[in-house]
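Worksheet: the structure to be examined is printed underneath.
A quick note: this is a predicted structure, and the numbers were derived from the prediction, not measured. Letters go in sequence order (proteins before strands), and every chain restarts at 1.
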2 protein chains.
Amino acid sequence: MCPEPAHIPKRESGDERRIAIARAARALIIEKGLEGLRTRDIAERVGINIATLHYHVPSKEALVALVAASLRDDFKAQALRHPKEGLDAGAQLRQEFNEFREIVAEMPELIGVLSELVDLSRRDPTIAEIILPMQAFWTGQFTKIFRTGIDDGSFRPNIDPAAAAIIVTAALSDCWRPHRRASLEPVIAELERAFLLPVSNQG
Amino acid sequence: MCPEPAHIPKRESGDERRIAIARAARALIIEKGLEGLRTRDIAERVGINIATLHYHVPSKEALVALVAASLRDDFKAQALRHPKEGLDAGAQLRQEFNEFREIVAEMPELIGVLSELVDLSRRDPTIAEIILPMQAFWTGQFTKIFRTGIDDGSFRPNIDPAAAAIIVTAALSDCWRPHRRASLEPVIAELERAFLLPVSNQG
DNA sequence: TCATCAATCAATCATTTGATTGAGAAAATG
DNA sequence: CATTTTCTCAATCAAATGATTGATTGATGA
């Protein structure tokens, strides 16, 4: 079923409220952590009653799932923002780095909340179902890039694509933490040196 | 002599109790996450009353700090278990990898709890004071190794030691997660290829 | 033997917290 | 307008939870 195409807009729609709730929840997860997340705080930040919150999101469990889904949606939207067809492997890798820079700049809480939910996925199958495919997608993007780069000779030939992809995503995620934020650019530069072959004098 | 009569509830010294409490708390943090950690559960696992728990550890905050300190102690003990003097840089790097393998094998919860507390350090200065120096120590070990390896010519000469250390520690920590555990060896192998120079055909 | 103190527990407290109820307001519908 | 549906809130509940109290137990030393 597609979303209703040319229907008349409702009043303050439930969808908008749910988006506002997810946004507030994400901010609060960053501020207080998953263990400090309270439905009352979310309602207050959105500016609604706790009962209204429960009208739109039936339970706290569903709320965390909503947050997970919102992360996935934002992440996919970001991944589709930049075309990667026709680029060589090195350019694709740099494009991925740029996308990460944009995420850190424009949705600074995304990686942090994602990191908390990846932990949560260990013990919550509902969340795992949303988060793990998303993580697999991100790692998979790098894996494909590494395969391409090995094939066209621009990357170090003895790379293990899957292992390298884990290293890259783990390093980038780590640089999201405040006390590591300043290291993002040096880390990206080091990752390039680690996997790209030095360019000889090319035109 | 110290044989233990099994059926008699033995009274333990304060230090022993605190160690048992920290151990139980670590296990429960892995099972339920920091957000699912309950003082009652800890007391039950240790086999003591909730009031006794509060006698030994005054508050939940202090309890988490106790866990952080126990992580630090275990981590330092492990770091001192293997001598690294006199080894060349490559051997030191492999020694660090071996220590990590031992931690994963012998204290499988250490890295996971550490990861949760690193997150917590973002918002809790008391925990940050314990955890961040510990993290800095670990990263610093790798930084020193990379400097040594660059100097003696066994590592890729254009390594940024600090950035490379972040990459290594982030990648290892990431491999602690259950769905990444199988990737530990490939990731370690890839890290070696990324930073060590090929040894045989060099010349 | 007895006084002292660390260690322990049953019972309970005071909040916090996720969730519900029932009533009502504000659109949408006819 | 009347009716229905959607959305909202004040009040409240029941359970969970961190913490405390007051009494008890066992070890130690004088």
TODO: Assess whether one donor atom and one acceptor atom, taken from the side chain of B/Arg40 and the base of D/dG18, lie less than 3.5 Å apart.
DONE: yes
Task: Rounded distance (Å) that lies between atom P of C/dA7 and atom CG of B/Asp15 - done: 9 Å
Open item on the list: In this structure, how many angstroms lie between the P atom of D/dT17 and the CG atom of B/Leu28, rounded?
Closed with: 12 Å
Open item on the list: Between A/Lys84 and A/Gln141, is there a side-chain heavy-atom distance shorter than 4.5 Å?
Closed with: yes
Task: Terminal helix-axis angle for the helix from C/dT1-D/dA30 to C/dG30-D/dC1, with five pairs defining each axis and rounding to 10 degrees - done: 10°
- [ ] Measure the distance from NE2 on A/His56 to C1' on D/dT8 and round it to the nearest whole Å.
- [x] 8 Å
Open item on the list: Quick check on DNA chain C: between A/Ala51 and A/Leu37, whose nearest nucleotide comes earlier from the 5' end?
Closed with: A/Leu37
Task: Interatomic distance, B/Tyr55 OH vs D/dA19 C1' [rounded to whole Å] - done: 17 Å
Open item on the list: Whole angstroms only, please: what is the CZ-C1' distance between A/Arg38 and C/dA19?
Closed with: 14 Å
Open item on the list: So, OP1 or OP2 of C/dA6: does either fall under 4.0 Å of a side-chain N or O from B/Arg17?
Closed with: no
Open item on the list: Please tell me if A/Thr39 has a side-chain N or O lying less than 4.0 Å from either OP1 or OP2 of C/dG18.
Closed with: yes
Open item on the list: Taking only side-chain N and O atoms of B/His54, does any of them lie within less than 4.0 angstrom of OP1 or OP2 on D/dT21?
Closed with: no
Open item on the list: If the test is side chain to side chain donor-acceptor pair (under 3.5 Å), which one of B/Glu96, B/Glu102, B/Glu99 qualifies with B/His82?
Closed with: B/Glu102
Open item on the list: Rounding to an integer number of Å, can you tell me how far B/Glu16 CD sits from C/dA6 C1'?
Closed with: 13 Å
TODO: Flag the pair A/Glu190 and B/Arg156 as a salt bridge only when some basic side-chain nitrogen lies within less than 4.0 angstrom of an acidic carboxylate oxygen.
DONE: yes
Open item on the list: If you compare every side-chain N and O of B/Thr52 against the phosphate oxygens of C/dA7 (OP1, OP2), does one of them come in below 4.0 Å?
Closed with: no
TODO: Determine the contact category for B/Ile42: base if any of its heavy atoms lies under 4.0 Å from a base atom, sugar-phosphate if only primed atoms, P, OP1 or OP2 are that close, otherwise nothing.
DONE: nothing
- [ ] Can you tell me the distance, in whole Å, between the CG atom of B/Leu53 and the C1' atom of C/dT8?
- [x] 12 Å
Open item on the list: Is the ring pair B/Phe100/B/Trp138 parallel, tilted or perpendicular, if the boundaries are 30 and 60 degrees?
Closed with: parallel
- [ ] Would you tell me if any nitrogen or oxygen in the side chain of A/Asn49 comes within less than 4.0 Å of OP1 or OP2 on D/dT8?
- [x] no
Open item on the list: Please determine whether side chain to side chain contact (heavy atoms under 4.5 Å, CB included) holds for the pair B/Arg193 and A/Asp160, giving the CA-CA distance in whole Å, both sets of side-chain angles, and the decisive distance to 0.1 Å.
Closed with: CA-CA 10 Å; B/Arg193 288 192 294 272; A/Asp160 174 342; 3.4 Å; yes
Task: Check: A/His179/B/Gln135 side-chain N/O donor and acceptor closer than 3.5 Å - done: yes
- [ ] Say whether B/Thr139 and A/Arg180, considering side chains only, have a donor N or O and an acceptor N or O under 3.5 Å apart.
- [x] yes
Open item on the list: In whole Å, I'd like the distance from the CD1 atom of A/Ile50 to the C1' atom of D/dC7.
Closed with: 15 Å
